[in-house]
Structure formats: C-alpha cells, structure tokens
Amino acid sequence: MKPVALWNEADWIAAIGSIALLVFLAIGAFAVTRKEPEFAGHPKGLYVLFFAEMWERFSYYGMRALLTLYLVKHWLYSDGDATMIYGAYTSLVYITPVLGGWLADRYLGQRKAVLFGALLLTLGHFFMAFEGEAAAGYQNNPAINVFWLALAFIIVGSGFLKANISVIVGQLYPRTDIRRDSAYTIFYIGINVGAAIGTIIAGYLGETLGWSYGFGAAGFGMLLGLVVFVIGKPLLLGQGEPPTPALLKNKVAGMNLEWFLYLAGFVGVAIIWALIQYQSVVGWLMLISGAALLLYVLMEAFKLDKEARDRVFAMIFFILLQPVFWGLFEQAGGSINLFTDRFVDRQGVPASLFQSINPIYIILLGPVFAALWQFLIRKGWEPSTPAKMGLGIVQMGFAFVVLVWGANAVGPTALVPVVFIFLFYLFSTTGELCLSPVGLSAINRLSVRHMASLMMAAWFFGTAGGNYFAGFLGTIMGEGDGGEITREAALHVYWQIGLLAIGIGAVVVLVSPLVKRLMHLDKLTDDDVSDDLSGESEVGEPMGPGAHPATRQ
C-alpha cells in the first residue's frame, strides 16, 4: 500500500468509497437488528432487499465500468466490436428476466428465483477474474471461452434475480399504500449505492492493479449479496414464496420439479455461452422474442376486465419508451466510457471511475425527488406517471446536447473540460429519476397479481432493447480508421440523438393525459393477500403521506 503522502486523486476516491461502504453497512445492520417491525416508516424487509440488491449492483456495475475498456485494451477488440459486445451482453442481462419472471410466477416464487440467480451471478463474476495471458488478444486464445462463460453465468443469473427482487419490494405493501413510491425510491438508492461504490472500488482495482483484481472484487460483492439475502429471509414476512409449493415436489425426469428447473438454468448458461459470441444473432433474437412477448401480453390482457386491460395498454406504452431512454443512457458504459478515456481532461483519474458519478447523483438526488413527489401530491401539482417519463427523456436528450456544446466550445483539438462530463451525468440522472423508479412503481402497482413478474420482466425487456440499441450506436461511431470511435463521429451522433430524444419526450408529455386515463387510478383496489390489513377491498384514493393502515382485529 502506498504511503498516504503519495496518494493521487484516484487513491483518495477509492478510500472515500471504501469508507462510504462501511458506513452504509453499519446503518443497514442497525436497521435490521431493531426489535420493531419497521424502521424509518418501512418494513425491515425493505432494507434486506436494499442491501441484497446493493451488493448485486456492486458486482454488476463494478464489472460494467471495466467491460468496454477491458475488451479494447486486454482482448484487443475494435471500438465498434467492443461496444457491440457490451450492448449484446447488457441487452441479454435485461431480456432473460422475461423467463425468470415467468418461472417465478408459475413455479419457484420470487424468493427462490432470486436465491438461485444470486448463486449463478456469484459464479459468473468470479469467472471474470480469470483473464488469461495479458494483452494476448482474443484471436486463437482459448482463455476467451472462460470470458464468454462468465458472461453467460451473469446473464442467466440476472434473469432469475432482476425482475423478481423488485417484485418482492412491492409485495411488502398494499397496492394503494402511499409509501410504495418512496419505498421504490429507497430501493433505487440501494441500487445506486452499490453501483457507485462498486464502480469506484472495482474500477480502481481493475485499472491500477489489474483486471482480475477489479473483477474479483465484483465477485466478492455478489457473494456478500447472496449471504445477506439468505440471512434476511425471516424479515421478508413470507412474501415471494412459491404459489403452489407442493407442485415443486412433482417428479420430472426422475427429479423434483424444483431441481429440474435449476438444472434447466445451467443448460441455459450453455445456450447463452454459445449465443453471446454472435452478437448479430442477439439482435434478431430480441426482435422475434419482443414481438412474441408483446403478443402474449396482449392475449393475456384480453382475458381481463376492461379496467385491468386498459392498465396493461398503459404499461405497454411505458415499456415502449424504454428503448428510447436506455439506448441513450447506456452510452455511459460504452462510447461515453471510451470518449472519457481519450478526449476528456481526467486529471489522472481512471476513466472507469467517472461512471460512479451517475449513481452518486442518484444517492444525493433520490431523497430530493422522493420528497418532491410527496410535496407535489399534497399541493395537487404532481405530474402524471407518463408526463414524468416524458420529462425524463427530454432531460436525457439535453445531457447529450450539453456535452456537445462543451466539447465544441473548447475547439476540436483541446481536451473536453471534465465539468461537461459531470453535467452530462447530472441531466441523465435527473432524467433517470423521472423515469425508472416511477416506472418500476407503476408497473408493480398496475399489474394484476398473477402477471406481476411477467410485466416487470417486460419492463426490463424494454431496457434490453435500449441496451442493444446503445451497442449499435457505438458501432456507428466506431467506423473510423481501425474501428476507433473518433471525437468528431461521437459528437455528431450525440448531437443528433440528443435533439431526437428531446422531441420524443415532448410528444410523450403532450399525450400523457390520454395515457393517464388508461391507468384508472381512482378504481385501484388492494388484492386480498392475507396480510391482515384493513381496507383491502375498499375503493378510494391512496392514503396521505405517513399514514399507515390499521390491522384487523
């Protein structure tokens, strides 16, 4: 370890990140060890999910910060190929929850699905630590197969975990409980605590000590997430259990159905291992499976009553906005990562660490937005869910416009001042806070119970489309000499997509009153989920801020 007197900016950032991690762990231990069933107005189970997801995001975003740089600098892929691999990988991470959500709804329940997914993710992140010969390139290198295997484990593990852990959050609350939006915002802060600290620690270790150290830290974080989830089971209050436990004991191919499903998960790893190596196939797979998913959701919708069916139509509208937003947002891990590495005045800070800016903004601004929504509710000024999402897309587009303005202001040869990277992440973050936690809450709130995981998975499928589109945009920018992303090409594309996003977001805001009518918020009722809370069958507005339902005697 270097003497403190010799520390540079990166060393101090990593030290601060480590201290912040210890502080959050201390707060979490305090929250879940209280005798009271709630802490700070929320069930203690929320904080178990907070920390389990925090560690999962620590591992995922720690790896994400390094992946494109690793592909270019270690495996010697061109910029275009690297961003396409990044896009295909992240899109599959978000598409597999469709199957994982369906299996949880029908057979495993959300808790068992999350547990199995966490196990696969732990294996995948540890496999990432086997990097093979330094800078040997990917051609004729057998070690690349271990890399593909690691990605496959992470993709399938995310499929079992991603949608289902979000659903358990919603199951801790009645559907009309006013605390739901703030609960999802708290949960979203947990996601971003892990993302920020994971990016800093894994990024620092990966770029200063070696790739295997960074990826190994991500694996260790995922292992801790698995441990937290297992230990915290009693605080989940029985939520997320299998819908028909006896069904899991039925024999299939000589084994219990539950173990057969786990074996199928490992078979899925083998399939994804082959698929991820052919990124163009992933695009066609997404197009076909997306159409099939939309058809299936529509078929299920027409089995519902009119109000529930209208809510499904509203959710489909929200899901179709996902590729627009995330196609731009996910440039952060692809082209923006390379742009920062080459064309920004970083003052010696590793490029990967700049990806921590977004989650840090989330941590700082998340409570502000949660309080803002509550304030606007009390005043009767709160924008509708679709209006919030439209505003989010406008801000995402503006982030690119500001970055291009800043880069052009200093001239074509000067390094871009780092303040414009901070501004880029600021506007993309405020856009994210208007779209992502609000959308998560809306999907869970509007879904009928037997379609909850399916609709949450469809939400993530829309994100998958955005991730693949993000990789495709990277290939457009990487059409220069040697497949490198040039400054001129990047800024040209950033300007175009920024203006287009602002226009799309404005249209969404204009049509938001029509979409709000489809949500039928005035007629939402709580499902009878045997939680002994009064008012489950009543129709009415959500309770006021801070109100808690009475229990039946």
Side-chain angles (χ1 to χ4, degrees), residues 181 184-185 188 192 314-336 339 357-359 361-362 364-366 368-373 375-377 379 381-409 419-443 459 462-463 465-467 469-470 473 490-519:
D181 273 11
Y184 271 106
T185 300
Y188 213 68
N192 287 279
M315 288 187 283
I316 290 174
F317 179 82
F318 299 153
I319 291 165
L320 292 177
L321 297 178
Q322 289 284 85
V324 177
F325 182 85
W326 296 108
L328 276 62
F329 183 91
E330 282 298 328
Q331 294 303 310
S335 69
I336 290 289
F339 186 91
I357 299 172
N358 164 250
Y361 278 149
I362 291 284
L364 296 175
L365 297 177
V368 175
F369 271 73
L372 174 64
W373 301 142
F375 172 78
L376 294 176
I377 288 172
K379 294 293 185 179
W381 300 339
E382 184 192 24
S384 65
T385 293
K388 291 176 183 176
M389 296 178 73
L391 292 172
I393 295 173
V394 169
Q395 292 168 85
M396 187 69 250
F398 190 65
F400 282 97
V401 170
V402 169
L403 178 59
V404 175
W405 280 344
N408 289 336
V419 66
F420 290 103
I421 290 296
F422 279 87
L423 288 173
F424 170 84
Y425 283 114
L426 174 63
F427 290 111
S428 62
T429 299
T430 55
E432 181 184 4
L433 283 168
C434 286
L435 183 138
S436 192
V438 170
L440 279 171
S441 180
I443 295 296
W459 168 262
T463 307
N467 279 266
F469 180 54
L473 287 175
L491 293 178
H492 176 69
V493 174
Y494 291 162
W495 180 257
Q496 290 184 321
I497 61 178
L499 294 180
L500 180 61
I502 291 172
I504 292 174
V507 171
V508 172
V509 173
L510 289 175
V511 303
S512 61
L514 300 177
V515 180
K516 183 181 178 181
R517 292 177 193 171
L518 295 176
M519 298 169 68

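Here the structure is a predicted model, which is why all the values come from computation and not from measurement.
Remark: F427 pairs with F398 by the ring pair (Phe, Tyr, Trp, His ring centres under 6.0 Å) rule, at least two apart or across chains. Taking the ring pair (Phe, Tyr, Trp, His ring centres under 6.0 Å) definition, one finds that F369 meets it with W373, sequence neighbours left out. Scored by the side chain to side chain donor-acceptor pair (under 3.5 Å) test, Q395 finds T430 as partners (sequence neighbours excluded). Every residue two or more places apart in sequence or in another chain was checked for a side chain to side chain donor-acceptor pair (under 3.5 Å) with N192, and none qualifies. Annotation: side chain to side chain donor-acceptor pair (under 3.5 Å) contacts of Y494 (sequence neighbours excluded): S335. Applying the salt bridge (Lys or Arg N to Asp or Glu O under 4.0 Å) criterion to E432, with sequence neighbours excluded, gives no partner residue. Residues satisfying the side chain to side chain donor-acceptor pair (under 3.5 Å) criterion with S384, sequence neighbours excluded, are absent altogether. Here W326 pairs with F329 under the ring pair (Phe, Tyr, Trp, His ring centres under 6.0 Å) rule; sequence neighbours left out.
Under the 4.5 Å side-chain criterion, counting only non-hydrogen atoms from C-beta, I357 is not in contact with F424.
Annotation: the span from I362 atom CD1 to S436 atom OG amounts to 8.0 Å, rounded to 0.5 Å. Between the CG atom of L321 and the CD1 atom of I316 there is a distance of 12.0 Å, given to the nearest 0.5 Å. The distance from atom CG of L403 to atom CG of N408, rounded to the nearest 0.5 Å, is 9.5 Å. Taking CG from L328 and CE from M396, the interatomic distance works out to 5.5 Å, rounded to the nearest 0.5 Å. Taking CG of L433 as the start and CG of L391 as the end, the distance is 12.5 Å to the nearest 0.5 Å. Note that CD of Q322 is 10.0 Å distant from CG of N467, once rounded to the nearest 0.5 Å.
Residue pairs that meet the salt bridge (charged side-chain N to carboxylate O under 4.0 Å, His left out) test with at least one member in residues 387-401, sequence neighbours left out, are E382-K388. Residue pairs meeting the salt bridge (charged side-chain N to carboxylate O under 4.0 Å, His left out) criterion with at least one partner in residues 492-502, sequence neighbours excluded, do not occur; the list is empty. Within the structure, the salt bridge (charged side-chain N to carboxylate O under 4.0 Å, His left out) test picks out the following pairs touching residues 320-332 (sequence neighbours left out): R64-E330.
The minimum heavy-atom distance linking Y361 with T429 is given by the pair CB-CG2, 3.5 Å. Listed here is the closest heavy atom pair of G498 and F400: CA-CB, 4.1 Å. Residues G327 and A470 come closest through the heavy atom pair O-CB, 3.4 Å. Considering every non-hydrogen atom in both V324 and L320, the closest pair reads CG2-O, 4.4 Å. Shown here for F318 and P386, the closest heavy-atom pair between the two residues is CE2-CB, 3.8 Å. Minimum interatomic distance between G465 and P323 (heavy atoms only, all atoms of both residues): C-CB, 4.2 Å.
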Which donor-acceptor pairs under 3.5 Å do side chains of residues 501-519 form with protein atoms, sequence neighbours excluded?
unit_1, atom_1, unit_2, atom_2, d
S512, OG, V509, O, 2.7

